[in-house]
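Remarks on the structure that follows.
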Amino acid sequence: MTRRVLVTGGAGFIGSAVVRRLVRAGWEVLNVDKLTYAGNLASLNEIDNSPNYRFLKADIGDGAAMREALDTFRPDLVMHLAAESHVDRSIDGPGDFIQTNVVGTFTLLQEALRHWRGLDAAAQKAFRFHHISTDEVYGSLGEDGLFREDTPYQPNSPYSASKAASDHLVRAWFHTYGLPVVMSNCSNNYGPYHFPEKLIPLTILNALEGKPLPVYGRGENVRDWLYVDDHAAALELIATTGRLGESYNVGGNNERRNIEVVRTICAIMDRLVPDAALGAREGLITFVTDRPGHDARYAIDAGKLKNELGWVPSETFESGIEKTVRWYLDNAAWWEPLKARYDRARLGAKG
Ligand code: NAD
Ligand code: TDX
């Protein structure tokens, strides 16, 4: 039987990795995306001629559009990734985060529930709604410890608060209405097709152009990095085999201080694209005013996912970051046009 999946946010960074993966694996895929500044159909060039792929430009907050998409496409699976995703933008303008991440998720849940209730018993049993979320809902760790699925929620930014709210809505629709849901909370992703407002692509492109590399505070904050295709593999597994009503943490045991990440990128670029006039790119590192409310450390315990579903990541941080830098060097055609949408100026500096 062909499996049918409706992916929201499939023109974004992680969503496009999921769509590329599932189209290649033979799923029938409907990508529903509003195409905000972060949405980019060029991220789907590798698969968008496939007969098992189609695209719908729509807002998840548009109930009528979601209703029609569900009724006509009739998915077995909904993978919900559409969101406003950048913490710094959430500091400057939280309204869009509430609208899409909270109200949009609510609207999608209502339409998914209505759709699910209208299915026959066999189709109801087969249907799943997978909500994709972030480890930032757990707040900030000190020197020790890891986020587990039972870690209390303590979101600190407008972004993470909006994602926490959406997680709670999804869980409530399971407990109250019986909608068959699974959830996952992942650490920081990196890899190809990442919009250059985020630390890693911003650093690569600025380092290439000899521009300052802004590091917030002293660069001591720790993130736990996961290569995006490893996340996409985990998502397929969770969506298809995760236990209903459960959440799974996803992470690759790759904790790094931000300053280490930036230095690693500099070293790789000095090797791959040496620039005698520029000298060592570490010299471009510039410490700037810290992010307001900056979480100190994120780190994931992915033991449940490994033990229950058998997922392990394929990339280490070293292999993944090398691949990522090479991808940006080879794919200027993807990122050059983005300069018109975002000039890589500082966002979210004023709390
Ligand atoms: P992204 O910003 O790259 O992409 C988001 C996509 O959603 C874009 O294509 C955008 O056009 C679309 N979108 C936004 N608002 C929409 C709306 N109202 N209706 C329809 N489409 C809309 O984000 P990403 O980094 O790919 O993140 C995807 C999901 O994964 C998000 O839910 C995010 O919270 C979560 N997540 C991200 C990370 C990370 O490191 N990037 C880590 C863990 C979890
Ligand atoms: O220019 C920068 N300099 C800098 O030091 C930028 C953009 C960021 N930083 C720091 C802030 C963070 O400590 O680097 C770290 C990573 O920052 P981001 O790339 O903005 O990611 P983060 O805030 O950690 O959130 C990301 O991971 C979790 C995604 O954007 C979220 O969508 C995801 O949920």
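We count ligands from 1, going down the list as the structure has it; atoms in each ligand are counted the same way. Note that the coordinates shown come from a computational prediction; the quantities given were computed from them, not determined experimentally. Positions are given from 1 along the sequence.
Nearest non-hydrogen protein atom to atom 31 (C) of ligand 2 is Ser85 O, 3.5 Å. Among all protein heavy atoms, the one lying closest to atom 21 (N) of ligand 1 is Lys34 N, 3.0 Å. In this structure, atom 26 (C) of ligand 2 lies nearest to the protein heavy atom Asn188 ND2, 3.4 Å. Nearest protein heavy-atom neighbour of atom 29 (C) of ligand 1: Leu81 O, 3.2 Å.
Tyr53 and Glu28 are not linked by any side-chain donor-acceptor pair at a separation below 3.5 angstrom, with hydrogens and angles left out of the test. Side chain to side chain, Glu315 and Ser319 meet the donor-acceptor criterion of an N or O pair below 3.5 Å. Side-chain contact of Ser85 with Lys198: a donor-acceptor pair under 3.5 Å is present, judged by distance alone. Side chains of Ser162 and Asn101: a donor-acceptor N/O pair is present below 3.5 angstrom, by distance only. Inspection of the Asn249 and Tyr138 side chains reveals an N or O donor paired with an N or O acceptor under 3.5 Å. Trp334 and Ser43 share a side-chain donor-acceptor pair at under 3.5 Å.
Note on ring orientation: taking the six-membered ring where Trp is involved, the planes of Phe129 and His80 are tilted (angle from 30° to 60°). Between Tyr298 and Phe147, the ring-plane angle classifies as tilted under the 30° and 60° cut-offs. Using cut-offs of 30° and 60° for the angle between ring planes, the Phe97 and Tyr159 rings count as perpendicular.
Of all heavy-atom pairs spanning Pro313 and Leu226, the tightest one is CB-CD1, 4.1 Å. For the pair Pro192 and Val228, the tightest heavy-atom approach, listed with the atom from each and the gap, is CD-CG1, 4.2 Å.
Between Leu199 and ligand 2, a contact under 3.5 Å exists for at least one N or O pair. For a threshold of 3.5 Å applied to N or O pairs, the pair formed by Thr134 and ligand 2 contains at least one separation below that value. When only interatomic distances are considered, the shortest N/O to N/O separation between Asn221 and ligand 2 does not fall below 3.5 Å. Residue Tyr216 has at least one nitrogen or oxygen atom sitting less than 3.5 Å from a nitrogen or oxygen atom of ligand 2, judged on distance alone. Residue-to-ligand polar distances place Arg291 within reach of ligand 2: an N/O pair is separated by less than 3.5 Å.
His294 counts as a contact of ligand 2, since one of its heavy atoms falls under 4.0 Å from the ligand. Judged by the shortest distance from any of its heavy atoms, Ser16 lies outside the 4.0 Å radius around the atoms of ligand 1. Asn188 counts as a contact of ligand 1, since one of its heavy atoms falls under 4.0 Å from the ligand. Using a 4.0 angstrom heavy-atom cutoff, Ser187 counts as in contact with ligand 1. Under the 4.0 angstrom criterion for non-hydrogen atoms, Ser133 is in contact with ligand 1.
Using a 4.0 Å cut-off to heavy atoms of Leu35, the atoms of ligand 1 that qualify are 11 (O). Close approach of ligand 2 to Val215 (heavy-atom distance below 4.0 Å) involves ligand atoms 5 (O). Within ligand 2, counting atoms from 1 as listed, the ones closer than 4.0 Å to a heavy atom of Pro214 are 1 (O), 2 (C), 3 (N), 4 (C), 5 (O). Every atom of ligand 2 is numbered from 1 in the order shown, and the set under 4.0 Å from a heavy atom of Asn258 is 10 (C), 12 (C), 13 (O), 14 (O), 15 (C). The Val87 neighbourhood of ligand 2 comprises atoms 23 (O), with distances under 4.0 Å to a heavy atom of that residue. Listed by atom number, the atoms of ligand 2 under 4.0 Å from Leu202 heavy atoms are 1 (O). Applying the 4.0 Å criterion to heavy atoms of Lys198 picks out, from ligand 2, the atoms 19 (O), 30 (O). Every atom of ligand 2 with a heavy atom of Arg223 under 4.0 Å away is listed here by number and element: 12 (C), 13 (O), 24 (O). Set against the non-hydrogen atoms of Tyr159, the atoms of ligand 2 under 4.0 Å away are 31 (C), 32 (O), 33 (C), 34 (O). Which parts of ligand 1 touch Ala58 is read off a 4.0 Å heavy-atom cut-off, strictly below it: atoms 19 (N), 20 (C).
Contact check on Arg263 versus Asp270 returns no salt bridge, with no Lys/Arg side-chain nitrogen under 4.0 Å from an Asp/Glu carboxylate oxygen. Salt bridge Arg256/Glu318: present, at least one basic N to carboxylate O contact under 4.0 Å.
Stacking of Arg54 on the aromatic ring of Phe73 is not recorded, the 6.0 Å distance cut-off and the 45° axial limit not both being met.
With Ser50 contributing its side chain and Asn52 its backbone, the two residues share no donor-acceptor pair below 3.5 Å. Asp167 contributes no side-chain N or O that, together with a main-chain N or O of Val137, makes up a donor-acceptor pair within less than 3.5 Å.
Contacts of Thr203 with ligand 2, taken as heavy-atom pairs under 4.0 Å, are absent altogether. Under 4.0 Å from ligand 2, the heavy atoms of Glu136 that appear belong solely to its side chain. Here Glu197 has backbone heavy atoms under 4.0 Å from ligand 2, and that is the only part of it that gets that close.
Considering each of Tyr193, Tyr37, Tyr159, the one bringing a non-hydrogen atom nearest atom 34 (O) of ligand 1 is Tyr159. Residue nearest to atom 40 (O) of ligand 1, selected from Asn189, Asp33, Thr36, Ile132: Asn189 (by heavy-atom distance).
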